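Every chain is numbered from 1 and lettered A, B, ... according to where its sequence line falls, protein lines coming before strand lines. Keep in mind that what you see is a predicted model, and the values were worked out from it rather than measured.
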Number of protein chains: 2
Amino acid sequence: MIGDRWSLLIVRELSLRDCRYTDLRDGLPGIASNLLAERIRRLTNDGLVERHEPDAAEVSVVYRLTARGRELLPALHAIVLWASPMMVSGPAPDDRQRGRWTAFAAEAFLDRPAAGREPLRLQVDDEHEPVVIDITPDEVTASLGSTDDADVHISGSTWHQLGLLSGELTFADASRLLDIRGTRSDVQRLRHILEMRRTSTTSDHE
Amino acid sequence: MIGDRWSLLIVRELSLRDCRYTDLRDGLPGIASNLLAERIRRLTNDGLVERHEPDAAEVSVVYRLTARGRELLPALHAIVLWASPMMVSGPAPDDRQRGRWTAFAAEAFLDRPAAGREPLRLQVDDEHEPVVIDITPDEVTASLGSTDDADVHISGSTWHQLGLLSGELTFADASRLLDIRGTRSDVQRLRHILEMRRTSTTSDHE
DNA sequence: CCGCATCCGGGGCGATACTG
DNA sequence: CAGTATCGCCCCGGATGCGG
């Protein structure tokens, strides 16, 4: 059900937001449209994806993950955690990175344990695709776009943003490479959250 | 590196034991030999697998996971946990199940949290491929073969064994479907361990 | 036997074009 | 926007061969 090409990537796209057909097409550079159609059909038949017909307020068909499809997220997160060292340290010349993928890696890295008392909202300023990351004690959610009321703003290279939010860079290193703005206490809270995750996931290989 | 066909399955095979070329071929029904050779080459070049030349005591080339390759196990475990409901409840007519795959699912299900004070050794009697599962406070390891000093013997249908050790069946249900033998206290300990994992992973959907 | 390399259909895949 | 249709190609699967 999920072993063939593109299927898990479609799930990844749908994990961040419900998508129209063209959203998926844009989010999966290189996919052929016949393959996208067939993969959606398969995933729908297998009960991982729902097709949502447009009602009065809506304009277009929307695909969304079912509960069963969402159960794949821990597996995707584990894969992303495994891959993030390579994404950060050795991006090939023609590798691309998108803000939404940074968001997904951040969800993977921050998801599991508790994350602090008060909610924290990050604005990750990617040139092409800014994302907002909300960290609450219960969960971490990312969404595309910009907000006015972020606690911390992170701008700079997409790769360094990924390094920070995936735990590959120490906060100290990342703050030299990125521009991290916010009140002293909010930045400290972010640092604390990230360092908690780092010690619990990485085996301190440096 | 791991998205194409067979690669992750090769990692799965190597996670249980070091394998010769033909071991892998046997463990991956349906793989073509040219593909196996090419996948091994890729995985080796990418640093996930090591080729071990036969020394004096050895007879044959052996492949084994590198540390980096072993870091994929959490991802594989997450996939297995996601898949096990389908493996247990709806095995298709031509689905196969092997003892070693039961062992892998058991590792996935039991791996994470602490597992009790004293080590517990299970003998899973599969007709074709019996496995021994050692549960210690620190880790769960499975190996192929039989042992004399198991604490608990589990015999019966391979599917039911998988259901028990992957948490899909309650211990009560499984003990009706399987033959579970051991001292009263050892069986209770097994039951306790399995029920701990069940409550922490499943959302009690029954 | 073991560890591959080679050869050979067939089908999935990738790119483009097309349509309601 | 949401797909369908078509086409060439390469990758995959299955069989066989072959030196160590």
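The side chain of Trp6(B) contributes an N or O atom lying less than 4.0 Å from OP1 or OP2 of dG13(D). Applying the 4.0 Å criterion to OP1 and OP2 of dC1(C), one finds that Ser60(B) has every side-chain N and O outside that range.
Side-chain atoms of Thr66(A) come within 3.5 Å of backbone atoms of Gly69(A) as a donor-acceptor pair (strictly under, hydrogens ignored).
Take the nearest nucleotide of DNA chain D for Gly30(B) and for Arg41(A): the residue whose nucleotide is more 5' is Arg41(A).
Looking at heavy atoms from C-beta onward, Arg121(B) lies out of side-chain contact with Val152(B) at the 4.5 angstrom threshold.
Following rounding to the nearest Å, Asp23(A) (CG) and dC1(D) (C1') show an atom-to-atom distance of 10 Å. Nucleotide dC4(C) holds its C1' atom 13 Å from the CG atom of Leu35(B), rounded to whole Å. In this structure, CD1 of Ile31(B) is placed 10 Å from C1' of dC12(D), rounded to the nearest angstrom. Distance, Arg39(B) CZ to dG3(C) P: 19 Å, rounded to whole Å. Whole-Å rounding puts the Asp4(A) CG to dG14(C) P distance at 11 Å. The distance between atom OH of Tyr21(B) and atom P of dA5(C), rounded to the nearest whole Å, is 8 Å. Counting to the nearest Å, the P atom of dG11(C) and the CG atom of Asn34(A) are 17 Å from each other. Between the CD atom of Glu38(A) and the P atom of dT6(D) there is a distance of 17 Å, rounded to whole Å.
Of the candidates dG3(D), dG3(C), dG14(C), the closest approach to any side-chain atom of Arg20(B) belongs to dG3(C). Looking at the side chain of Val61(A), the nearest of the listed nucleotides dG14(C), dG13(D), dG3(D) is dG3(D). Distance from the side chain of Ser33(B) is smallest for dA5(C) among the nucleotides dC2(C), dA5(C), dC13(C). The side chain of Thr22(A) has dC1(D) as its nearest neighbour among dT4(D), dC1(D), dG3(C). With dG3(D), dC1(D), dG13(D) as the candidates, the nucleotide lying closest to the side chain of Ala32(B) is dG13(D).
Tested against Leu122(B) for a side-chain contact (heavy atoms from CB on, under 4.5 Å), the candidates Val132(B), Asp151(B), Val131(B), Leu190(B) yield a single pass: Leu190(B).
In this structure, Arg25(B) reaches neither bases nor backbone, as no heavy-atom distance under 4.0 Å exists between it and the strands shown.
Phe104(A) has its ring centre less than 6.0 Å from the ring centre of His77(A).
A salt bridge is defined here as a Lys NZ or Arg NE, NH1 or NH2 lying under 4.0 Å from an Asp or Glu carboxylate O, and Glu13(A) with Arg100(A) meets this definition.
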